[in-house]
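What you are looking at is a predicted structure, and each value in this text was computed from that prediction instead of being measured. No hydrogens, no waters, no symmetry mates; every other heavy atom, side chains included, goes into these values.
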Amino acid sequence: MPKKIVLFTALFCAFSVFYSCSNSSGPSVTRAKVIATHASPNAPAVNLVVDNDVVGGSTPTRLTFTQSVRVEVEPGTRRVRIRLDNVSPPVDLIDIPSVTFSDGGNFSFFVIDTLRGTSNLKTLLITDNLAAPPSGQAGVRFLHLSPDAPAVDIVTFTGTPALPQNVQVLSNGANRTFNTNVTAAQSAFVNVPANTQLGVRLAGTTGSLIGVFPMPGGGSAVAAGRLYTLCVMGLARADAPQGQGLVLVTIPNN
């Protein structure tokens, strides 16, 4: 090959390498994944706003009580708002100026407590570790999100809610009260065998259960390899308005 052609080829390759490096966008980032859940029994339907973007865009996702939405956000410090949009102008019920989402992280975000003016609504943000449970097991955790319900125990059992058998209180599920914050132990998933049923009863009592956690797709038994957040939501008082009473909600995390 002539020397001029060899020289030209070498210069072209060097230029190509330089160009691709100089036009690199820098280290790659992975969007954070967030599950946002409306857990305030008497708050109306709301929108989730991240920075200035309403989740759902031109057709906003309006969350009603017990509903969840999955969203991906750019990592870093974001402004998060909970917005009531059926008034003009829209009202931000909650405005958190700086929430930090890690690169590629997984998070659960809850709107909790009750709406009295705009003073009592609160939020919970949990950093999730979604490591897969061991073979043949599922991972579960519990959040007490009912502002007026008494302490409860989360139990595994066989049989029926009216006549439960082989009842065992879930580790970190004993005497649980309203979660206005969440400890590291409470945010962790506890492994249980597949096909286990989980229910709720008043703390320290025996006998029948208050209820059983439903599972996605029907039934009440956990599936191998899955992660679940079990929640008690709503108002426990007898005169709770329709649609605001106590309810058991299961959120699949994977």
Return yes if some donor-acceptor pair links the side-chain N/O of [X] with the main-chain N/O of [Y] below 3.5 Å, else return no.
| X | Y | result |
| --- | --- | --- |
| Arg78 | Glu74 | yes |
| Asp148 | Ala236 | yes |
| Tyr228 | Ala223 | yes |
| Gln67 | Thr64 | yes |
| His144 | Pro150 | yes |

Side chains of [Y] and [X]: any donor to acceptor distance under 3.5 Å?
| X | Y | result |
| --- | --- | --- |
| Thr158 | Asn166 | yes |
| Gln168 | Thr156 | no |
| Ser108 | Arg141 | yes |
| Asn179 | Gln186 | yes |

Determine the minimum heavy-atom distance between [X] and [Y], stating which atoms define it.
| X | Y | value |
| --- | --- | --- |
| Met233 | Ala39 | SD-CB, 3.8 Å |
| Pro147 | Asp113 | CB-OD1, 3.7 Å |
| Asn175 | Ala151 | OD1-CB, 3.2 Å |
| Arg201 | Val167 | NH2-CG1, 3.4 Å |
| Val49 | Asp51 | CG1-O, 3.4 Å |

Among Thr123, Leu125, Leu143, which residue meets the side-chain contact (heavy atoms from CB on, under 4.5 Å) test with Phe110?
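Result for side-chain contact (heavy atoms from CB on, under 4.5 Å) with Phe110: Leu143.
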Does a side-chain N-to-carboxylate-O contact under 4.0 Å join [X] and [Y]?
| X | Y | answer |
| --- | --- | --- |
| Asp153 | Arg176 | no |
| Asp85 | Arg83 | no |
| Arg79 | Asp95 | yes |
| Asp92 | Arg81 | yes |

Candidate pair Phe157 and Leu198, rule side chain to side chain contact (heavy atoms under 4.5 Å, CB included), full reasoning:
CA-CA 6 Å; Phe157 71 100; Leu198 293 113; 5.7 Å; no
Tell me, with the steps shown, if Val212 and Thr160 meet side chain to side chain contact (heavy atoms under 4.5 Å, CB included).
CA-CA 9 Å; Val212 179; Thr160 67; over 6 Å; no
Verify side chain to side chain contact (heavy atoms under 4.5 Å, CB included) between Asn195 and Val222, making sure each step is shown before the conclusion.
CA-CA 5 Å; Asn195 300 315; Val222 300; over 6 Å; no
Verdict with reasoning, Leu48 to Val54, per side chain to side chain contact (heavy atoms under 4.5 Å, CB included)
CA-CA 6 Å; Leu48 176 67; Val54 180; over 6 Å; no
More than 12 heavy atoms of other residues, nucleotides or ligands under 6.0 Å from CG of Asn129: is that the case?
no
